[in-house]
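Below is one structure, written out as structure tokens; comments come after it.
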Amino acid sequence: DDVQQQERFDALVADDQRIEPRDWMPEGYRKTLIRQIAQHAHSEIIGMQPEGNWISQAPSLRRKAILMAKVQDEAGHGLYLYSAAETLGIDRSELLDMLHTGRQKYSSIFNYPTLSWADMGSIGWLVDGAAIVNQVPICRCSYGPYARAMVRICKEESFHQRQGFEILHHLSHGTPEQHAMAQESVNRWWWPSLMMFGPPDDASPNSAQSMAWGIKRHSNDELRQRFVDMTVPQAQVLGLTLPDPELELDEETGHYRFGEIDWTEFMEVIKGNGPCNAERIERRVGAHDDGAWVREAAMAYADKQATRSQG
Ligand code: 3HC
């Protein structure tokens, strides 16, 4: 009965075991995972747009090929995560409808414009760098399909982060104009990258329950600090400065202190008032509508296969 099921579930989570799709789970656990995995998948799909805009403007064939591979990876991550969400008993068409109608979110970071080629470097280095810091702990998430999806996604994110770092390193050590372009880009992407980790812990309504269920392994602020600590030394190697005059190493703790994040901006962006929110959803809905014939054809083909196999 439910009491025994709850006790078994609690024991599995307490023992750092995996919950699998066929296991009994509290309705709230299922809902939280659908929310987080779907929004993670939406982030990957929407995230293709800011970078996609630069595929036709890449400075060389080599850069173009790398960027195309990265954008294709993001699409694959999205489809992987929609499949993980579907193991919880919801169809991806419902999730996409919730994205298109603003009932589900995607990462705030993708509501900022990509204004120069150097942004491809900042997105790889900062946005994918932050995504790795956030995603590595999810490899140990209590829900099996989500944890396993993360293992593969994290491997590909590392390539994304390295190619971004390499773009910025090349520009930063190039002509003065190239250095200036890299610096101007990092100035725009630094603070929004810190916001990716979510609101401060004392303003994070989902954290406590997500941590109790072994979905969230570290708090928003903890991962944000981990990202700052690993990124500041990399900026020094790049020869670029980070746009925060309060950034300084605290010898005592070994962590970097940093300035106040503009949480009003964050709340505005996730409310839909960021620089590119409307454009991103418009492009997404347009792509969905343009792709209707492909989905219909695939369904018709699947039905034909099904009837044929029934002979
Ligand atoms: N952008 C948009 N919404 C955000 C957000 C952000 N950066 N940070 C928090 N929020 C939302 C939350 O979704 C929640 O709203 P909801 O209840 O309607 O979902 C609300 O703000 C309160 O935040 P909480 O901290 O209480 O919410 P969570 O416990 O869910 O923590 C999170 C937020 C840390 C983003 C967590 O959901 C998470 O780890 N998600 C998985 C990782 C993910 O989605 N990453 C996307 C990054 S981009 C990416 O991966 C692509 C890469 O390839 C470049």
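Hydrogens, waters and symmetry mates are skipped; everything else that's a heavy atom, side chains included, is used. Here the structure is a predicted model, which means the values were calculated and not measured. In listed order, ligands and their atoms are each counted from 1.
Each of the following atoms of ligand 1 lies closer than 4.0 Å to a heavy atom of Gln39: 13 (O), 19 (O). The contact set between ligand 1 and Glu44, taken as ligand atoms under 4.0 Å from a residue heavy atom, comprises 50 (O), 51 (C), 52 (C), 53 (O). Atoms of ligand 1 found under 4.0 Å from any heavy atom of Glu157, numbered from 1 in the order shown, are 52 (C), 53 (O). For ligand 1, the atoms sitting less than 4.0 Å from at least one non-hydrogen atom of Gly198 are 8 (N), 9 (C), numbered in the order shown with element in parentheses. For ligand 1, the atoms closer than 4.0 angstrom to any heavy atom of Met195 are 7 (N). The atoms of ligand 1 that sit less than 4.0 Å from any heavy atom of Gln135 are 50 (O). Near Pro205, with a cut-off below 4.0 Å to any heavy atom, the atoms of ligand 1 are 22 (C), 26 (O).
Residue Leu223 does not touch ligand 1, judged by heavy-atom distances below 4.0 Å. Both the backbone and the side chain of Asn206 come within 4.0 Å of ligand 1, judged by heavy-atom distances. Here Phe197 has backbone heavy atoms under 4.0 Å from ligand 1, and that is the only part of it that gets that close. Of all the heavy atoms of Tyr106, the ones lying under 4.0 Å from any atom of ligand 1 belong exclusively to the backbone. With a 4.0 Å heavy-atom cut-off, ligand 1 is reached by the side chain of Pro199 but not by its N, CA, C or O. With a heavy-atom cut-off of 4.0 Å, Asn134 touches ligand 1 through its side chain alone. Residue-level proximity to ligand 1 for Lys105 is carried by the side chain, the only part with a heavy atom below 4.0 angstrom. When heavy-atom distances to ligand 1 are checked against a 4.0 Å cut-off, Ser43 comes that close only through its side chain, counted from C-beta outward.
Under the 30°/60° scheme for interplanar angles, the aromatic rings of Tyr143 and Tyr29 are found to stand perpendicular.
Annotation for Val186 and Thr241: closest pair CG1-O, 3.9 Å, computed over non-hydrogen atoms.
Judged by distance alone, with hydrogens and angles left aside, the side-chain atoms of Gln178 form a donor-acceptor pair with the main-chain N or O of Thr175 at under 3.5 Å. Panel note: side chain Arg217, backbone Arg140; a donor-acceptor pair is recorded below 3.5 Å.
Between atom 28 (P) of ligand 1 and the options Arg224, His160, Lys216, the minimum heavy-atom separation is to Lys216.
Between Tyr146 and ligand 1, no N or O atom pair is found at a separation short of 3.5 Å. Between Met196 and ligand 1, an N or O atom pair is found at a separation short of 3.5 Å. For ligand 1, one of its N or O atoms has an N or O atom of Glu74 under 3.5 Å away. Checked by distance only, ligand 1 and Val127 stay at 3.5 Å or farther apart across all their nitrogen or oxygen atoms. Inclusion of Ser210 in the set of residues having an N or O under 3.5 Å from an N or O of ligand 1 is not warranted.
A continuous path of ILVMFWY side-chain contacts below 4.5 Å connects Leu249 to Leu194, so both sit in one hydrophobic cluster.
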| request: Would you check, one step at a time, whether the test side chain to side chain contact (heavy atoms under 4.5 Å, CB included) holds for Leu242 with Val228? | output: CA-CA 10 Å; Leu242 296 169; Val228 171; over 6 Å; no

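Within the 4.0 angstrom cut-off, atom 32 (C) of ligand 1 has no protein heavy-atom neighbours.
Here the side chains of Ile261 and Met195 are in contact, with some heavy-atom distance below 4.5 Å. Counting only heavy atoms from C-beta outward, the side chains of Glu282 and His100 never approach each other to under 4.5 Å.
Checked against a 6.0 Å centroid threshold, the rings of His160 and His77 count as neighbours. Taking the six-membered ring for Trp and the full ring otherwise, Tyr82 and His42 have centroids separated by under 6.0 Å.
Heavy-atom separations between Gly47 and ligand 1 are all 4.0 Å or longer. Residue contacts with ligand 1: Gln104 is excluded, as none of its non-hydrogen atoms falls under 4.0 Å.
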